[in-house]
Amino acid sequence: MRIYNTLTNSKEDFKPVEEGFVGIYACGVTVYDNCHVGHARSAIVFDVMRRYLRYAGYKVKYVRNFTDIDDKIIKRANEDGTTWDEVARRYTGEYYRDMDMLGVERADIEPRATDHIHEMIEIISGLIEKGYAYNVDGDVFFEVDKFSGYGKLSKRDMKDMMAGARVDVDERKKNPMDFALWKSSKEGEPSWESPWGPGRPGWHIECSAMSRKHLGETFDIHGGGADLIFPHHENEIAQSEAYTGKEFARYWVHNGFITIDKEKMSKSLGNFFTIKEILGKFDPEVLRVFLLSTHYRSPIEFSDAILKETEAFLDRYYSTVMRIEDFCSKNAGERKQTDAGENLEHMTGSFMKRFEEAMNDDFNTALAIGHIYELIKEINRYIDSSPAGEGAKKLLQESLSMIKKAADVLNVFNRSPKEWYVALMKTRQVPLSEGDIEDRIKRRREARERKNWAEADALRDELLEMGVILEDTPGKTVWKVKIG
RNA sequence: GGCGGCGUACCCAAGUGGCUAAGGGAGAGGUCUGCAAAACCUUUAUGCGCCGGUUCAAAUCCGGCCGCCGCCUCCA
């Protein structure tokens, strides 16, 4: 398995610290507002990595934190006339609601910063003792000049950064790049007792403390969005390695951004869509598949058009499943094999190998999904060639089970066609029940038996008007929700 | 200004030294169908931003140029 490491800017063979075990720490969210689709991407990317590592036979311990104390949370609480912990609680709940919809599994450990104040104080004290940090009037700063590796992750030189450093540099810092480990609290702000007086932790220290506690001083994979490389992850490395004297994380993994008109989606630019907004218009599975259709390190341009395309793909998948089910439910006739069967057999037999090759190469979900498309096409080709008999059924079921096995790792395609269409009726706000549709299909069938094509077509058009498509197959008429 | 990344067909997108450059969407034509829809078939890059170079061999490596983006401040 090869994983791209931001530390070396290259793909490396993956070798965990401990044989057969992988420790992953991914930076989660600051719970001060609803998540946007950029947060969804990060969560889904690491969710899939963790699932695939597990599939590959590793025992995985996945840690993802919540930052539940920070300036933005305090600001939000003041705006809403509530307390910081109420804000954190509310948006942690919203986070779970969104992520559950998107099929993001809970992490094994989901630590909160405020539950680890003691561990943070321990590290900060140690850093002061070792001469890596200094206290000025109750604020404690990390002294970057003391840590020789500073800049190794983000590949920047101290001199270059000096040139870029700006905006209200705290005069008390020895170097403008020094960052806060502990911030003294002003009157009325939330605070915790510490050797340096009441205050709260700086942003970066929580990840050093929580990863150390739950994964040890050296662990395998540390990740997050690419915007965390500097300063957040750079600072984590400095703190942790200065404190322990050991290598912090082995592989640094960063996902790319979501863009709107080529620009990074972000709160400050205001060009973002919340997960909830998108889920009002599309099925959650559409968003998940869309985000996995591009390699995790590349930027993804976000648009309605591309989501519709993804929706059409999912529809194709569920339509194919419906065809397979239909075929298997009635086709027990004379054994008949076709040439297409050989192709399908071959493709099915090699499918998992190709899936694994794709995923082993830095989690190439885009390629993996491409392989799924190909197999779907081959399945349809086979059904079109009119095979028959138990052997044909078995082959189709085997092909479908391969797709499902791969899809399980991505956690997509896990519903029945019917569930998909019922869900789609809801998101598309089709003003009909299943019963209404079945009723019309029955009336249409009667009209067709009388060869009253005008009436049959009128019924079909009426349904189409409301967003439902009818498809006549040799045996029966099936319905789908119109896509596009 | 410093550092990093990207540029593959009408659109999305995989591919980072070697068989005919995956796959999907859209378009065109066809098979099937009462008509449709779906599915399938055919078709759409002698070509991978541009110019040089290395190599028996490059979209893939090196250099230069052009364009776009990101980080350097909170940010997934």
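First the proteins, then the strands, lettered A, B, ... as listed; each starts at 1.
Between the side chain of A/D457 and the base of B/rG34, a donor-acceptor pair under 3.5 Å is found. In terms of polar N and O atoms assigned as donor or acceptor, the side chain of A/R448 comes within less than 3.5 Å of the base of B/rG34 in a complementary pairing.
Using a 4.0 Å heavy-atom cutoff across all strands shown, A/N9 reaches sugar-phosphate atoms only and no base atom. Residue contacts for A/G28: at a heavy-atom cut-off of 4.0 Å it reaches the sugar-phosphate backbone alone, with no base atom in range. If you check every strand for non-hydrogen atoms under 4.0 Å, A/I229 touches nothing. Across all strands shown, A/N380 has heavy atoms under 4.0 Å from sugar-phosphate atoms exclusively, and none from any base. Residue A/I372 is out of contact with every strand shown, counting any heavy-atom pair closer than 4.0 Å. Among the protein residues, A/E309 comes within range of the nucleic acid bases, having at least one heavy atom under 4.0 Å from a base atom. Using a 4.0 Å heavy-atom distance criterion, A/F313 is classed as making no nucleic acid contact. Counting non-hydrogen atoms under 4.0 angstrom, A/G38 reaches a base of the nucleic acid. Using a 4.0 Å heavy-atom criterion, one finds that A/H295 contacts the sugar-phosphate atoms exclusively. The residue A/K155 sits close only to the backbone: its heavy atoms come under 4.0 Å of sugar-phosphate atoms, none of a base. Using a 4.0 Å heavy-atom cutoff across all strands shown, A/K480 reaches sugar-phosphate atoms only and no base atom. Across all strands shown, A/R76 has no heavy atoms under 4.0 Å from either base or sugar-phosphate atoms. Nucleic acid contact for A/D70: none, since no nucleic acid atom lies under 4.0 Å from a heavy atom of the residue.
If you check B/rC74, B/rC35, B/rA76 against the side chain of A/N255, the one that comes closest is B/rA76. If you check B/rG23, B/rA39, B/rC72 against the side chain of A/Y373, the one that comes closest is B/rG23. Among B/rC69, B/rA22, B/rA76, the nucleotide with an atom closest to any side-chain atom of A/K262 is B/rC69. Side-chain proximity of A/K72 to B/rC74, B/rA76, B/rA14: nearest is B/rC74. If you check B/rG5, B/rG34, B/rC71 against the side chain of A/W453, the one that comes closest is B/rG34. Of the candidate nucleotides B/rA14, B/rG34, B/rA22, B/rG34 has the atom lying nearest to any side-chain atom of A/D472. Side-chain atoms of A/R460 lie closest to B/rC35 of the nucleotides B/rA37, B/rC71, B/rC35. Checking B/rC71, B/rC12, B/rG34 against the side-chain heavy atoms of A/R444 singles out B/rG34 as nearest.
Side-chain contact check for A/Y95 and A/N34: no donor-acceptor pair (N or O, by modelled atom type) lies under 3.5 Å.
Pairing partner, B/rU55: none, since no Watson-Crick or wobble contact has both distances short of 3.5 Å. In this entry B/rG4 has B/rC69 as its Watson-Crick or G-U wobble partner, both defining distances falling under 3.5 Å. Nucleotide B/rU60 forms a pair with no other nucleotide shown, judged by Watson-Crick or G-U wobble geometry with both contacts under 3.5 Å. In this structure, B/rA9 makes no Watson-Crick or G-U wobble pair, since no nucleotide meets both defining distances under 3.5 angstrom. Across every strand in view, B/rG47 sits unpaired, with no contact that passes the Watson-Crick or G-U test at under 3.5 angstrom. Across all strands shown, B/rC19 has no partner, as no Watson-Crick or G-U wobble contact with both distances under 3.5 Å is found. A 3.5 Å limit on both hydrogen-bonding distances identifies B/rA39 as the Watson-Crick or G-U partner of B/rU31.
Residue whose closest nucleotide on RNA chain B sits further toward the 5' end, between A/R316 and A/A312: A/A312. The 5' end of RNA chain B is approached more closely, in terms of each residue's nearest nucleotide, by A/D361 than by the other of A/D361 and A/V29.
Between A/K377 and B/rG24 there is a side-chain polar atom (N or O) within less than 4.0 angstrom of OP1 or OP2. Taking 4.0 angstrom as the limit, A/K264 places a side-chain polar atom (N or O) nearer than this to OP1 or OP2 of B/rC71.
Separation of the A/F413 and A/F313 ring centroids falls under the 6.0 Å cut-off. Aromatic rings from A/F219 and A/F248 are positioned such that their centres are separated by under 6.0 Å. Not less than 6.0 angstrom separates the ring centroid of A/Y251 from the ring centroid of A/H222.
Atom-to-atom distance recorded for A/F290:CZ and A/I306:CD1 is 6.0 Å, nearest 0.5 angstrom. Within the model, atoms OH of A/Y421 and OG of A/S416 stand 11.0 Å from one another, a figure rounded to the nearest 0.5 Å. Note that OG1 of A/T6 and NE2 of A/H233 are 9.0 Å apart. Values are rounded to the nearest 0.5 Å.
One can place CG of A/D227 at 17 Å from P of B/rG5, the figure rounded to the nearest angstrom. Distance, A/L470 CG to B/rG34 C1': 15 Å, rounded to whole Å. Rounded to whole Å, atom P of B/rC12 lies 18 Å from atom CD1 of A/I369.
Under the side chain to side chain contact (heavy atoms under 4.5 Å, CB included) test applied with A/R444, the options A/K442, A/R440, A/R448, A/E446 reduce to a single match, A/R448.
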